[in-house]
Q: 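Can you read through this structure? Questions will come right after.
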Amino acid sequence: MLATDFTLDHDEDFTRPFFFAQTKLPLSWPSLPAILPHRIRRKLRHARAEIRARQSPTTSIASLHTSINPADTLRALRRHRWRADDAQYLLLATVGIFSLCVIQTPGPALKTLTTLLLLTGLLLPLTQQFLLPALPVLAWLTFFYSCQFLPATYRPQIWVRLLPAMENMLYGANLSTLLSAHKSTPLDLLAWLPYGAIHYASPVFVSAITFLFGPPGTLPVWARSFGYMCLTGVVIQLCFPCSPPWYETKYGLAPANYSIHGEAAGLAAIDRLLGNDFYTAKFAASPVVFGAFPSLHSAWATLEMLFMSSLFPRWRPVFVFYLMWLWWSTMYLSHHYAVDLVAGSLISGIAYFLARGTVLPRVQRGKMFRWDYEFIEFGEAPEDLEDHLEAFNGYDGAYYHRSERDLDEYPLPLDTLRGDCDEWTLGSSSCMSGSSRAASVGLRSPVVEDWDGETLGSGSDGEEQRYHKI
């Protein structure tokens with residue numbers, strides 16, 4: 001609303017302070033010129049409100065927040081219905097506070113500034129939609145960096161003989177030693193591509209693909225799954241430290257201690273080819289030197305393969321090939337044993353299938369981009385139930401068109417038809433507790449948003465409504 005237009009729409013908040021008068025980026029309807037007669041402006045505002053009310057669900061589902069008013073976030077936070085799953089934010093806050101207390105550099109001033117910037121970003125709806133699902137990733141990065149400051153006296157003993165023994169027991173030989181026995185420049189480059197180059201850019205690439213081609217809400221689920229998976233892997237590495245193959249090559253099976261620095265191993269050949277010490281310096285300063293088990297390289301690639309395969313099933317062989325390629329490169333470069341790779345993939349598989357069964361939106365046939373979706377479905381739908389579900393119709397609710405026999409055979413609890421969750425916060429606490437716990441399919445359309453992006457229908461009296469129209 002421009003400063004020269006003192007007329008208010010029907011949805012203006014009179015309690016909002018003056019300095020929050022313009023709280024959104026200029027991506028909405030322009031204000032009506034003040035030179036128009038009052039009656040014409042009133043009719044135009046009425047017509048504009050009707051157009052907004054008839055907007056398609058696709059536009060609302062796929063749209064992003066543009067508000068920069070902290071009052072909108074505080075109002076949504078007051079309206080939020082707290083559940084047991086919201087304890088995840090308490091867990092992330094605990095991890096963040098612990099990490100900041102352990103970190104010695106940078107100093108307190110920079111730590112305080114970083115914390116204030118994060119809190120400010122969470123207060124603004126425009127940035128909150130990015131930061132809230134990324135909190136597990138930020139917690140993992142902070143915790144991983146803080147591991148180098150933990151005193152050695154508080155750390156457990158380092159397992160040197162365990163992984164080689166398991167390798168020989170399970171596979172009959174040390175696969176990493178066999179694969180790295182014969183070196184050559186072409187093989188070095190072939191192993192470097194997935195391990196030292198593609199690996200670090202792949203999460204950004206998958207995030208962009210899930211945003212553009214996945215159903216609305218896929219990107220937040222991917223971000224949370226990725227963050228919690230990485231955080232779990234680092235906790236295991238910290239509590240169960242194991243030496244990697246390069247340690248066995250250099251020191252044998254002698255006992256290890258935390259004064260030993262990391263090694264670039266096979267990537268040192270890439271430094272010699274490029275004429276620098278990038279990987280040598282990077283691995284020497286690694287916060288977790290003895291973090292062979294589980295392999296986060298394998299965990300990343302497995303989670304990426306699963307999410308990309310869910311979006312593009314026909315390309316699954318390509319994604320599996322990339323996973324196998326990275327497995328080979330990690331053993332060729334003497335950074336992981338085969339058992340480390342299996343453990344990393346197992347953690348990713350658990351994270352993915354937990355998300356798919358509860359909060360991951362299901363890909364619908366004939367829909368290519370996120371803007372093509374008119375409604376969102378969660379969980380696995382029974383095949384015979386899918387045959388009786390018809391199309392979504394109208395903006396004012398998610399309708400189930402089914403016969404009486406279907407209603408008796410597949411009862412739909414009201415909790416399954418809760419309001420929609422916001423694109424960026426889907427997969428958070430409110431969505432995890434009320435998506436598709438039963439075998440039924442949940443169809444959702446947005447109306448009013450809550451702190452976690454949960455959308456509730458509201459009637460004329462402002463009270464919550466749940467759509468269950470047959």
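The basis for the numbers below is simple: all heavy atoms, side chains too, and nothing from hydrogens, waters or symmetry mates.
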Q: Is the side chain of Lys111 donor-acceptor paired with the backbone N or O of Ile103 at a distance under 3.5 Å, no angle test?
A: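 Yes; at least one donor-acceptor contact below 3.5 Å.
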Q: Roughly how far, to the nearest 0.5 Å, is CG of Leu124 from NE2 of His65?
A: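 Result: 12.5 Å between the selected atoms.
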Q: About how many Å separate CG of Leu219 and CD1 of Ile209, when rounded to the nearest 0.5 Å?
A: 11.5 Å
Q: Closest approach of Gly196 and Tyr279, non-hydrogen atoms and distance?
A: O-OH, 2.7 Å
Q: Could you go through the side chain to side chain contact (heavy atoms under 4.5 Å, CB included) check for Trp246 and Leu333 one step at a time?
A: CA-CA 8 Å; Trp246 60 259; Leu333 297 172; over 6 Å; no
Q: Side chain to side chain contact (heavy atoms under 4.5 Å, CB included) between Trp82 and His80: does it pass, once the steps are laid out?
A: CA-CA 6 Å; Trp82 298 98; His80 177 66; 3.5 Å; yes
Q: Measure across Leu163 and Ala292 and return the closest heavy-atom pair with its distance rounded to 0.1 Å.
A: CD1-CB, 4.1 Å
Q: Is it the case that Lys282 places NZ or CZ above or below the six-membered ring of Tyr200, under 6.0 angstrom from the centre and within 45 degrees of the axis?
A: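 Cation-pi check for Lys282 and Tyr200: fails.
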Q: Could you walk me through whether Leu238 and Leu150 pass the side chain to side chain contact (heavy atoms under 4.5 Å, CB included) check?
A: CA-CA 10 Å; Leu238 191 65; Leu150 294 175; 3.7 Å; yes
Q: Are any of the side-chain heavy atoms of Ser298 and Thr302 separated by less than 4.5 Å?
A: yes
Q: Using a 3.5 Å distance criterion without hydrogens, assess whether the side chain of Asn168 forms a donor-acceptor pair with backbone atoms of Pro164.
A: yes
Q: Ignoring hydrogens and angles, tell me if any N or O in the side chain of Arg370 forms a donor-acceptor pair with the backbone of Phe211 under 3.5 Å.
A: yes
Q: Has His335 got a side-chain atom pairing as donor or acceptor with Ala264's backbone, closer than 3.5 angstrom?
A: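 A pair under 3.5 Å: yes.
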Q: Is the closest side-chain heavy-atom distance between Gln128 and Leu123 below 4.5 Å?
A: no
Q: Would a distance-only check, ignoring hydrogens and angles, find a side-chain to backbone donor-acceptor pair under 3.5 Å from Gln364 to Tyr373?
A: no
Q: Donor-acceptor pair, distance only, cut-off 3.5 Å: does the side chain of Ser176 make one with the backbone of Met331?
A: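 Between the backbone of Met331 and the side chain of Ser176 there is a qualifying donor-acceptor contact (under 3.5 Å).
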Q: Ring-plane angle category for Phe98 and Phe143, please: parallel below 30°, perpendicular beyond 60°, tilted otherwise.
A: tilted
Q: Given side chain to side chain contact (heavy atoms under 4.5 Å, CB included), test Met308 with Trp315 step by step and report yes or no.
A: CA-CA 8 Å; Met308 295 294 286; Trp315 291 87; over 6 Å; no
Q: Taking all heavy atoms of Leu311 and all of Pro215, pick out the closest pair and write down the distance.
A: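 For Leu311 and Pro215, the tightest heavy-atom pair comes out as CD2-CD, 4.1 Å.
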Q: Any donor-acceptor pair under 3.5 Å linking the side chain of Glu167 with the backbone of Asn174?
A: no
Q: Contact between Pro294 and Ile236 at the side-chain level, heavy atoms closer than 4.5 Å - yes or no?
A: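 Pro294 reaches Ile236 side chain to side chain.
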Q: Do the side chain of Glu304 and the main chain of Phe319 share a donor and acceptor less than 3.5 angstrom apart?
A: no
Q: Is it the case that more than 12 heavy atoms not belonging to Phe312 sit under 6.0 Å from its CZ atom?
A: yes
Q: Could you tell me which non-hydrogen atom of Cys147 sits nearest to which non-hydrogen atom of Val288, and how far apart they are?
A: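 Heavy atoms of Cys147 and Val288 come nearest at CB-CG2, 3.8 Å.
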Q: How far does OG1 of Thr94 sit from CG of Leu90, to the nearest 0.5 angstrom?
A: 4.5 Å
Q: Is the shortest side-chain heavy-atom distance between Leu360 and Phe307 below 4.5 Å?
A: yes
Q: Angle class for the Trp371/Phe369 ring planes (parallel below 30°, perpendicular above 60°, tilted otherwise)?
A: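 Because their plane-to-plane angle lies in the 30° to 60° range, the rings of Trp371 and Phe369 count as tilted.
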Q: Side-chain contact, heavy-atom cut-off 4.5 Å: Tyr337 with Leu170?
A: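 Heavy-atom side-chain distance check fails, nothing below 4.5 Å.
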Q: If you count heavy atoms of other groups shown closer than 6.0 angstrom to CH2 of Trp159, is the number above 12?
A: no
Q: Is there a side-chain contact between Asn69 and Asp72 (heavy atoms, below 4.5 Å)?
A: yes
Q: Does Val342 offer a backbone N or O that forms a donor-acceptor pair with the side chain of Ser345 under 3.5 Å?
A: no
Q: Answer yes or no: is there a donor N or O on one side and an acceptor on the other, between the side chain of Thr330 and the main chain of Trp327, under 3.5 Å?
A: yes
Q: Is any side-chain heavy atom of Phe290 less than 4.5 Å from a side-chain heavy atom of Tyr247?
A: yes
Q: Specify the closest pair of heavy atoms between Trp222 and Thr210, including all atoms of both residues, with the distance to one decimal.
A: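 Here Trp222 and Thr210 meet closest at CD1-OG1, 4.2 Å.
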Q: What are the two closest non-hydrogen atoms of Tyr352 and Ser310, and how far apart are they?
A: OH-CB, 3.4 Å
Q: In Å and rounded to the nearest 0.5 Å, what is the OG1 to CG distance from Thr127 to Leu122?
A: 7.0 Å
Q: I want to check something: taking the side chain as every heavy atom from C-beta on, are Tyr258 and Val289 in contact at a cut-off of under 4.5 Å?
A: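 Heavy-atom side-chain distance check fails, nothing below 4.5 Å.
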Q: Quick one: pull up CG in Leu267 and CH2 in Trp192 and give me the separation to the nearest 0.5 Å.
A: 10.0 Å
Q: Please work out whether the ring planes of His297 and His336 are parallel, tilted or perpendicular, with thresholds of 30° and 60°.
A: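 Ring orientation, 0 to 90° scale: tilted.
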Q: Just how far is it from atom OG of Ser295 to atom CG of Leu326, taken to the nearest 0.5 Å?
A: 7.0 Å
Q: Do the ring planes of Trp140 and Phe144 sit parallel (below 30°), tilted (30 to 60°) or perpendicular (above 60°)?
A: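 Tilted.
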